[in-house]
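Let me begin by presenting the structure, written as structure tokens, before commenting on it.
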Amino acid sequence: MSVTVAKTAGFCFGVRRAVDLAEQQAKKNGKIYAYGEIIHNMHEIERLEKLGVYTAYALEDIPDGAGVLIRAHGVPRNVYTLLQAKKCEIFDATCPFVRKIHKIVDKESADGRLIVILGSAGHPEVVGIQGWCGESVVLEGEEQARAFSERLEMEDKPISLVAQTTVNRSIWNISVGLIKKRCTNLKIFDTICKATDERQSEARLLAGVSDQMIVIGDKKSSNTKRLYEISRSLCSDVRYIEDAAELTTQELGQHQHIGITAGASTPAWIIKEVSNMMSEETKIETGEDFAAMLEES
Ligand code: F3S
């Protein structure tokens, strides 16, 4: 049996930055509140809580004057105003790639354009983006993009299209194509994060040559769900697990080539626990070959 761990598995730059900032501030001040779960991973949230990083699910849960971390997903503009009114000290870990989307929709909306976001309605990143513009529409995939484009009339408002950073590249391409056909005044901003693109491409390559794929991440993590969908489309046996406890070594023994990937919010220690479950004789590689193929492509 050989096991290949995707080189891109685990924390992305934005999540790493948010977790580091939270840890630093909790260490310095003894306590900090993260507004919303800092990442979609309960194991990591529990670990951080022991260090003094508390999750506040609503603004009312944050005491006046407290230190507050804005997570990588970002927040609507009015959240800053509300926190300032509570005299909170803000530590802003909004990922710069998400911040860029806020700036785009802010400007495009001020220019009188309708903002169309390809992403998951209700996802914190999408809610945050919507909080930086006026009128907006969220399309969750090809079906909704088709229905939306069919409703478009010539005299409709001009449209500016952005993507949630973790959207599946092929769904984006299809949706852009559909809307482009019907909209005469369309501006397209490809805001899919490069880290997402690379992670999805590597999952695609790995799933294509593996008998079994193990996708590690929280069931609430949308980027992990995307990796699962991609893996399912290319490999008949895919396990979506949150940690090593969900696997048994007997199941693993039945496969020749196992590929492992993980979402952007999966800590390295969980990935390590899973790979450590493989027997000692197992050849465990990192996805260097796949990473090289990605660079060449
Ligand atoms: Fe930022 Fe991309 Fe991660 S947008 S939070 S680096 S997936």
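Sequence positions, counted from 1, serve as the residue numbers for this chain. Start at 1 and go down the list; that is how both ligands and their atoms are numbered.
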Atom 3 (Fe) of ligand 1 reached by Cys95 (N, O or S, under 2.8 Å):
no

Once the angle between the rings of His73 and His40 is folded into 0 to 90°, is it parallel (under 30°), tilted (30 to 60°) or perpendicular (over 60°)?
tilted

Pairs meeting criterion salt bridge (charged side-chain N to carboxylate O under 4.0 Å, His left out) with involvement of residues 22-33, two or more places apart:
Glu23-Arg47

Do any side-chain atoms of residues 262-273 form donor-acceptor pairs under 3.5 angstrom with protein atoms, and if so which ones, sequence neighbours left out?
{"from": "Thr266", "atom 1": "OG1", "to": "Ile216", "atom 2": "O", "distance (Å)": "2.9"}
{"from": "Thr266", "atom 1": "OG1", "to": "Gly263", "atom 2": "N", "distance (Å)": "3.4"}
{"from": "Thr266", "atom 1": "OG1", "to": "Gly263", "atom 2": "O", "distance (Å)": "3.4"}
{"from": "Trp269", "atom 1": "NE1", "to": "Glu44", "atom 2": "OE1", "distance (Å)": "3.2"}

Are His257 and Ser2 linked by a side-chain donor-acceptor pair shorter than 3.5 Å?
yes

Applying a 4.0 Å heavy-atom criterion (strictly less than), which segment of Ala264 is in contact with ligand 1: side chain, backbone, both, or neither?
neither

Nearest protein heavy atom to atom 3 (Fe) of ligand 1, by residue and atom, and its distance?
Cys12 SG, 2.2 Å

To the nearest 0.1 Å, how far is atom 6 (S) of ligand 1 from its closest protein heavy atom, and which atom is that?
Gly14 N, 3.5 Å

Among side-chain atoms of Tyr54 and Asp61, is any donor-acceptor pair under 3.5 angstrom?
no

The closest protein heavy-atom partner of atom 2 (Fe) of ligand 1 is Cys193 SG, 2.3 Å

If you count the atoms of ligand 1 from 1 in the order shown, which ones are under 4.0 Å from a heavy atom of Thr165?
4 (S)

